[in-house]
> 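Dropping a structure here in structure tokens format, bear with me for questions.
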Amino acid sequence: MYPFGYQRIDTPQALKAAQQRQRGEADKAVSYLAGGTTLLDLMKLGTLAPAEILDINGLAHDYGDISWADDELRLGALVRMSAAADHPRIRSDFPVIAQSLDLAASPQIRNMASLGGNVLQRTRCNYFRQTGWTACNKRQPGSGCAAMEGVNRKHAILGVSDHCIAAYPGDFGQALVALEARVDILGFHGTRTLPFHQLHLAPGSEPERETVLLPGELITGFHVPIGPWTRRSLYLKIRDRESYEFALVSAAVAMHLDDNVIRDVRIALGGVATKPWRAHEAEQQLIGRRPDLPAFEAASKVAFAAAVTRPGNRYKVDLGQQTLTRALLQLAEMEV
Amino acid sequence: MTQQSIRFTVNDTPAEVSVDPLRRLADVLREDLGLTGTKIGCNAGDCGACTVLVDGRQSCACLVPIGQAAGHAIVTVEGLVAKGQLSQLQQAFQDHGAAQCGICTPGMLMAASDLLAQTPSPSEQDVLDALGGVLCRCTGYRKIVDAVLSLGKTTAAPVSRNAVVGARLPKVDGLAKMTGAERYGADSWPADSLVLRAIRSPHHHARFGFGDFAALFAAHPGLVKILTAADIPGQNVFGIYPTGKDQPVFAEGYARFRGEAICALVGDAATIAAIRDDEVPVEWETLSPLQGVEAALSPHAAQLHETAKGNVLIEGRLARGDVDAAITKADIRLSDNFQTSFVEHAYIEPEAGYARRVGDRLEIFATTQTPYMDRDEVALIMGLRQEQIRIIPSAVGGGFGGKLDLSLQPMIGVAAWLLNRPVRCTYSRPESMASTTKRHPASIAITVAATKEGRLSAVRFHGDYNTGAYASWGPTVANRVPVHAMGPYHVPAVYCTTRAIYTNDTPAGAFRGFGVPQAAIALETMLDDLAEKLDLCPFEFRYLNALDKGSVTASGQRLDASVGLRACLDALRPQWERLRLEAADFNETSRHLRRGVGVGCGWYGIGNTSLPNPSIMRIGLKRDGCITLYSGALDIGQGSNTIMMQICADALGVPLSIIDLVTGDTDLTPDAGKTSASRQTFVSGAALRLAADDLRGQILRLANVGEPGRFALDGRTLRVSDGVTDQVIDLARLPAAGENGDVLVGEGRFDPPTTPLDADGQGIPYATYSFSAQLALVEVDIELGTTKVLRIAAAADVGKAINPTQVEGQLHGGVAQGLGLALMEEYIPGRTENLHDYLIPTIGDVPPIDTYIIEDEEPLGPFGAKGIGEPALVPTAPAILNAIRHATGARVTRVPATPDRLRAALRATGRYEAAK
């Protein structure tokens with residue numbers, strides 16, 4: 001049940017050394033520990049059993065800052081969710097980020113969880129989390145998917161495959177996708193920077209591969225470009241109770257509205273997809289249009305045109321369209 | 001895993017432990033440092049009971065690996081007390097009645113401490129945001145909000161220090177809940193205890209056999225014993241009803257539900273934690289499970305219990321008048337079907353306790369609602385005499401009916417007995433949820449009929465209740481539901497039938513209301529249908545039909561006193577009229593939000609249905625002039641300790657300061673029955689009054705003083721007076737009468753007068769009923785299917801409020817649970833075994849609640865009091881559903897009304913397609 005290694009990493013040099021060791025032991029399951037809110041939960045359930053844990057909280061000096069450049073917001077991966085959500089300038093200039101964090105988890109978890117860990121949060125699919133279910137392609141490649149014929153009210157309808165319909169559980173990830181953020185990834189060979197939307201993978205035939213991260217690679221930060229759409233942005237989350245609950249459907253949206261014409265719009269959907277989901281086609285529908293209900297309704301239909309549903313989650317098409325329409329309406333009415 | 005030395009501070013004191021760095025902070029605090037004020041409710045970050053401050057910020061101690069705490073400052077609830085004084089925050093919680101069972105209180109206090117350190121004068125929204133990650137199942141949160149908001153304000157809580165009936169005395173056992181000193185089931189254990197963990201069926205329905213355990217013992221030297229059914233010394237069976245015991249402690253080769261115990265591992269703590277379930281050699285042969293009543297009733301279904309043909313455990317019936325004729329003759333008749341879900345009690349304290357052998361006796365310290373039933377059942381299982389079993393209830397971190405059945409008691413009892421070592425056990429949250437009882441899902445078909453003037457003519461009701469794999473409290477479906485299913489109304493013709501059906505689902509048992517809330521959802525929705533068709537105000541329609549003094553119930557019982565339903569409605573009428581107008585105004589200008597106001601009524605027979613349920617209470621007078629109240633009435637957070645102390649003090653006319661309370665221990669207290677069926681105030685309270693009368697009589701006789709005599713205690717000096725002569729007695733000179741050193745012992749026994757019900761359900765099932773009515777104001781987003789409850793107004797006729805703060809607490813808690821039942825709670829066996837896939841209301845879900853306490857005194861009750869625990873919950877879900885319907889026209893016939901179900905119901909109205 002317990003891993004045999006626990007090491008505190010307090011300097012970038014120590015991290016590099018650890019990454020070098022890992023290169024020699026590629027088949028050894030190593031996990032980074034930041035907030036621990038997902039890792040410890042899943043270790044207790046037996047869903048995850050890392051052989052070694054690298055506690056990176058000592059790297060907060062290097063990767064724990066919120067800073068600003070002329071054209072972007074920079075978020076260190078070890079910034080805690082609450083610190084980003086409470087930051088006055090993030091609240092005013094990037095409402096979608098602050099809201100996606102505020103509406104996620106509980107105050108305690110937001111104090112503990114890091115932004116880097118948050119975007120890597122694992123799915124809440126019960127068949128994945130509970131090892132008592134034998135069929136889960138994500139946990140046991142090739143074992144099947146119990147959710148297909150099981151209780152799948154909360155499962156995904158976009159980006160699904162015959163192998164997996166587990167929904168991506170996060171909120172902040174949708175904000176990053178909508179804002180075309182980039183993510184810094186530190187590996188043994190140095191840092192690479194990717195568009196955030198390339199970080200997560202749809203399940204396809206390999207649901208066990210959730211991201212493009214290579215063994216040993218660590219997310220160190222995010223860059224969020226400042227644009228004419230960032231202040232006019234919001235996060236709308238529909239869930240079964242008022243707080244501390246995952247989304248049935250959510251929408252992260254941002255819009256550049258000029259002279260009552262939509263010059264640019266960004267739409268990301270959560271709760272309905274296997275990864276943070278960008279609705280490009282819906283966006284295209286709206287560019288150059290007036291921000292009115294018929295336009296938003298038409299775009300919302302397009303956003304869910306590719307949905308693949310099961311009996312338990314068929315409602316998400318309707319609820320998703322309604323949610324997106326509402327988010328866009330609220331966005332158009334925002335005072336910025 | 002290698003141990004590491006880790007240093008940090010706890011409550012400003014340096015601490016150093018040498019442990020696995022991944023050991024959780026919560027475990028280190030509790031097990032290694034003895035700070036058990038930090039509670040573990042879920043061990044997964046879902047409930048917040050373990051909330052502590054890490055460098056001043058609230059964090060879940062169950063998710064902090066201790067390695068991460070190195071160099072940091074931890075503050076726990078024990079650190080809030082300074083110089084022996086409660087902090088202002090703790091005092092505010094105590095004065096406002098913000099703690100009931102108290103298991104969430106440490107977490108709430110820590111979350112609030114974090115908030116107040118940053119925002120000394122928080123707004124209500126600040127409080128809701130900051131406390132949103134701590135779940136409470138008892139209080140409905142509102143008194144917690146009030147307590148936090150009161151800091152920095154000058155208005156004090158309306159607290160009385162006077163222990164008389166009717167006073168707002170703060171909880172007599174409240175301080176320990178504030179400081180973390182209270183000992184719940186998992187908070188005490190003998191130092192040399194072994195640990196027990198049950199291995200449970202991962203299948204809903206299966207046969208199984210064990211392999212050879214030798215390899216497991218060889219691999220784990222710390223494994224001492226594997227208990228199986230073969231180790232049970234007595235009968236391997238338990239169950240609530242003496243003739244219907246059907247549940248094994250350990251299944252014998254055949255498991256009827258996922259979560260059923262098949263064996264248990266006993267050994268040292270580290271070993272038991274390290275053994276994976278799949279290391280235990282078990283061969284499974286899975287069988288097709290019967291899930292839900294439809295599967296179990298199918299003609300081809302397997303029969304799950306030998307005695308239950310067609311899987312029907314029991315049937316209930318009540319018949320009065322000619323219901324067919326009445327329905328035919330009525331001006332209007334309406335029918336529909338309703339479905340409710342399994343609902344989990346979700347007390348924040350999982351089952352926990354320890355057992356030890358003391359000579360030829362067995363002691364069990366554990367969380368329970370019913371020490372005497374536990375004693376009797378454990379005796380049967382152990383093959384011991386009842387006197388050989390001592391049950392010492394721990395403080396109970398919430399029950400709501402779920403701790404009326406045995407859970408771990410027989411397992412730890414057998415283990416401790418056989419090994420002659422103390423054995424402790426704490427259920428994990430998934431284990432608690434998978435293995436203990438639930439609210440019965442009900443499938444209800446109902447027809448209601450009325451005259452065009454709005455008089456109810458008839459109710460025909462059939463309910464199939466899924467009792468799961470074992471009977472538990474299933475029989476109550478047969479006896480309680482038919483009596484209550486027509487609601488607190490005068491209905492001349494009634495035909496109610498019920499069935500409890502065995503399935504391969506989690507056993508359903510007692511849960512606040514025993515099947516009545518499910519029936520109320522169906523009936524009260526139909527009443528709104530009738531009112532709409534008849535073009536009557538739904539509120540006045542209920543008033544017109546409400547039971548009143550002199551009414552005869554459907555079981556033929558004439559109600560001569562204490563029928564306060566109309567008084568409840570009178571109290572609510574001004575709000576009803578105002579809120580309905582305000583909702584209509586709001587809807588005039590609203591785009592997608594619709595407000596509505598609904599009403600629901602409920603009644604509840606106090607105590608067992610037509611079965612004896614006596615309480616015996618005892619009061620002793622010691623030589624030093626102190627009174628001891630021996631109360632077996634177990635306080636599970638609802639406040640019976642405080643209620644009994646107030647009754648005792650008032651009935652004897654003595655101050656609280658000279659009364660000691662001894663509670664619950666089967667060696668020390670007489671049998672006051674179980675804490676269920678809203679009975680303790682009424683039944684045990686009445687017994688206590690008799691005990692007080694008895695003691696008073698003895699005192700007068702001792703002084704040879706006749707009535708009306710008075711007495712006063714001044715230390716060991718007893719003064720007795722009949723107004724003419726005064727007698728002074730030195731108590732220290734009297735011989736002790738009882739084994740506890742009491743010189744006088746007063747005893748009272750009360751068993752509510754009832755009569756058996758005949759085949760038509762006619763008779764006197766209960767000595768008295770409590771009545772309640774509630775209004776809900778909701779706001780529905782018609783496009784998103786979300787419902788926000790904006791306000792609840794709750795009125796209840798409790799006969800007499802012994803302590804109004806406690807009555808309000810019960811109303812608030814009942815409302816919160818009713819709100820969960822209506823809007824979010826749905827337990828799916830095998831799929832929702834944690835507090836995040838199973839949702840209960842958070843602090844942000846429960847709206848402001850106005851309470852109206854009606855006191856239509858019950859002549860049999862102590863000072864006129866009846867009960868409140870369950871009547872508080874019954875009307876809430878109907879009021880909310882009727883409010884949704886008033887707001888939108890959408891009728892919800894399946895709860896919970898989640899956004900997807902509500903969207904479907906909205907579409908079914910046909911009203912909203914155009915708007916879409």
Side-chain angles (χ1 to χ4, degrees), chain A residues 1-6 8 33 35-41 43-46 53 55 57 80 82 102 105-112 124 126-127 129-133 150-151 153-154 236 238-246 248-249 297 313-316 318-319 321-323 325-326 329, chain B residues 1-2 4 20-22 24 43-46 48 51 54 57-60 62-65 67-68 70 111 114 128-134 202 273-274 276-277 430 592 781 783-786 788 823-824 828 830-833 836-837 839-845 896 898-900 903-904 916:
Chain A
M1 180 173 159
Y2 285 122
F4 65 79
Y6 169 88
R8 289 177 69 123
L33 173 70
T37 53
T38 291
L39 183 63
L40 266 73
D41 186 27
M43 282 172 60
K44 191 195 64 198
L45 291 171
I53 283 182
D55 183 338
N57 288 292
R80 304 295 151 171
S82 56
D102 267 343
S106 67
Q108 299 95 317
I109 302 285
R110 294 197 292 273
N111 284 338
M112 301 164 75
R124 288 293 298 191
N126 249 295
Y127 305 97
R129 285 168 53 86
Q130 292 190 13
T131 55
W133 301 105
V151 176
R153 175 173 175 265
K154 296 192 175 171
L236 180 63
I238 307 306
R239 45 187 170 175
D240 283 333
R241 73 177 172 193
E242 194 66 21
S243 62
Y244 198 13
E245 171 53 352
F246 296 92
L248 296 173
V249 185
E297 285 182 341
N313 63 14
R314 196 160 287 151
Y315 74 93
K316 283 192 173 184
D318 163 70
L319 191 60
Q321 291 170 351
Q322 297 288 335
T323 303
T325 300
R326 174 68 58 75
L329 277 171
Chain B
M1 184 79 214
T2 52
Q4 293 182 12
D20 169 0
L22 283 175
R24 318 295 183 90
N43 221 7
D46 295 330
T51 300
V54 178
R57 300 309 305 269
Q58 57 166 311
S59 305
C60 291
C62 75
L63 289 180
V64 175
Q68 271 189 13
D114 180 357
L128 301 184
D129 290 345
L131 273 53
V134 189
R276 297 190 318 273
D277 282 14
H592 55 268
D781 188 317
E783 292 167 4
L784 301 176
T786 53
K788 182 153 183 58
L823 297 180
M824 68 184 77
I828 304 169
R831 311 301 204 280
T832 56
E833 293 163 356
H836 212 139
D837 292 315
L839 300 179
I840 66 171
T842 65
I843 197 167
D845 292 289
T898 49
D900 44 321
R903 279 287 298 165
K916 183 168 171 279

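To find a chain, count down the sequence lines: A is the first, B the second, and so on, and within it residues start at 1.
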> With a 4.5 angstrom heavy-atom cut-off, is it the side chain or the backbone of Arg241(A) that approaches chain B, or both, or neither?
both
> Which of the residues Lys154(A), Arg129(A), Met112(A) is involved in the greatest number of heavy-atom pairs with chain B at under 4.5 angstrom?
Met112(A)
> Please tell me if the side chains of Thr832(B) and Val151(A) come closer than 4.5 Å, counting only heavy atoms from C-beta onward.
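Thr832(B) does not reach Val151(A) side chain to side chain.
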> I need the residue from Met824(B), Gln68(B), Arg57(B) with the largest number of non-hydrogen atom pairs under 4.5 Å to chain A.
Gln68(B)
> I'd like to check Arg831(B) versus Gln130(A) (side-chain heavy atoms, cut-off strictly below 4.5 Å). Are they in contact?
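SC-SC contact between Arg831(B) and Gln130(A) ruled out.
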> Given a strict heavy-atom distance threshold of 4.5 Å, which part of Leu784(B) is in contact with chain A: side chain, backbone, both, or neither?
both
> Just wondering, do Asp781(B) and Gln322(A) contact through their side chains at under 4.5 Å, heavy atoms?
no
> Pick from Ile840(B), Thr51(B), Asp837(B), Val54(B): which one has the most heavy-atom pairs with chain A under 4.5 Å?
Asp837(B)
> Apply side chain to side chain contact (heavy atoms under 4.5 Å, CB included) to Leu319(A) and Asp900(B), showing your working.
CA-CA 7 Å; Leu319(A) 191 60; Asp900(B) 44 321; 5.6 Å; no
> Considering only heavy atoms, which portion of Ser59(B) lies under 4.5 Å from any heavy atom of chain A: side chain, backbone, both, or neither?
both
> Atom CZ in Arg110(A), atom CG in Asp129(B): separation rounded to 0.5 Å?
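The CZ atom of Arg110(A) sits 7.5 Å away from the CG atom of Asp129(B).
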> Can you tell me if Arg24(B) uses its side chain to pair, donor with acceptor, with the backbone of Leu40(A) under 3.5 Å?
yes
> Restricting to non-hydrogen atoms, name the atom on Ile109(A) and the atom on Gly45(B) that form the minimum distance, rounded to 0.1 Å.
CD1-O, 4.0 Å
> Is the His836(B) ring parallel, tilted or perpendicular to the Tyr244(A) ring (thresholds 30°, 60°)?
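Perpendicular, since the angle between the ring planes exceeds 60°.
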> So for Asn126(A), is it side chain, backbone, both, or neither that comes closer than 4.5 Å to the heavy atoms of chain B?
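When you check distances to chain B, only side chain atoms of Asn126(A) fall under 4.5 Å.
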> For chain A, which of Ala904(B), Ala130(B), Pro202(B), Pro899(B) has the most heavy-atom pairs under 4.5 Å?
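Greatest number of close heavy-atom pairs with chain A: Pro899(B).
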> Measure the shortest side-chain to side-chain distance between Leu22(B) and Met43(A) over non-hydrogen atoms and say whether it is less than 4.5 angstrom.
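With C-beta onward as the side chain, the pair touches.
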> Sequence neighbours excluded, which residues qualify as side chain to side chain contact (heavy atoms under 4.5 Å, CB included) partners of Ala44(B)?
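For Ala44(B) the side chain to side chain contact (heavy atoms under 4.5 Å, CB included) partners, ignoring immediate neighbours, are Asp41(A), Lys44(A), Cys42(B), Asp46(B).
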> Donor-acceptor pair, distance only, cut-off 3.5 Å: does the side chain of Glu245(A) make one with the backbone of Leu839(B)?
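Checked: no pair found.
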> To the nearest 0.5 Å, what is the distance between CG on Leu329(A) and NE2 on His592(B)?
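Leu329(A) CG to His592(B) NE2: 9.0 Å, rounded to 0.5 Å.
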> Tell me, do Leu63(B) and Gln108(A) make a side-chain contact under 4.5 Å, heavy atoms counted?
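Counting from C-beta outward, Leu63(B) and Gln108(A) never come under 4.5 Å.
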> Taking side chain as everything from C-beta outward and backbone as N, CA, C, O, which of these in Asp114(B) sits under 4.5 Å from a heavy atom of chain A? Side chain, backbone, both or neither.
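For Asp114(B), the contact with chain A is made by the side chain alone.
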> Which pair of non-hydrogen atoms, one from Asp845(B) and one from Ser243(A), has the smallest distance, and what is that distance?
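Scanning both residues, the minimum pair turns out to be OD2-N, 4.4 Å.
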> Is chain B contacted by the side chain of Arg239(A), its backbone, both, or neither, given a heavy-atom distance below 4.5 Å?
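For Arg239(A), the contact with chain B is made by the backbone alone.
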> For the interface with chain A, which of Cys60(B), Gly132(B), Gly844(B) has the highest count of heavy-atom pairs at distances below 4.5 Å?
Cys60(B)
> So do Gln4(B) and Tyr6(A) actually touch side chain to side chain, heavy atoms under 4.5 Å?
yes
> Looking at every non-hydrogen atom in both residues, tell me the closest pair between Gly133(B) and Ser106(A) and how far apart they are.
CA-CB, 3.5 Å
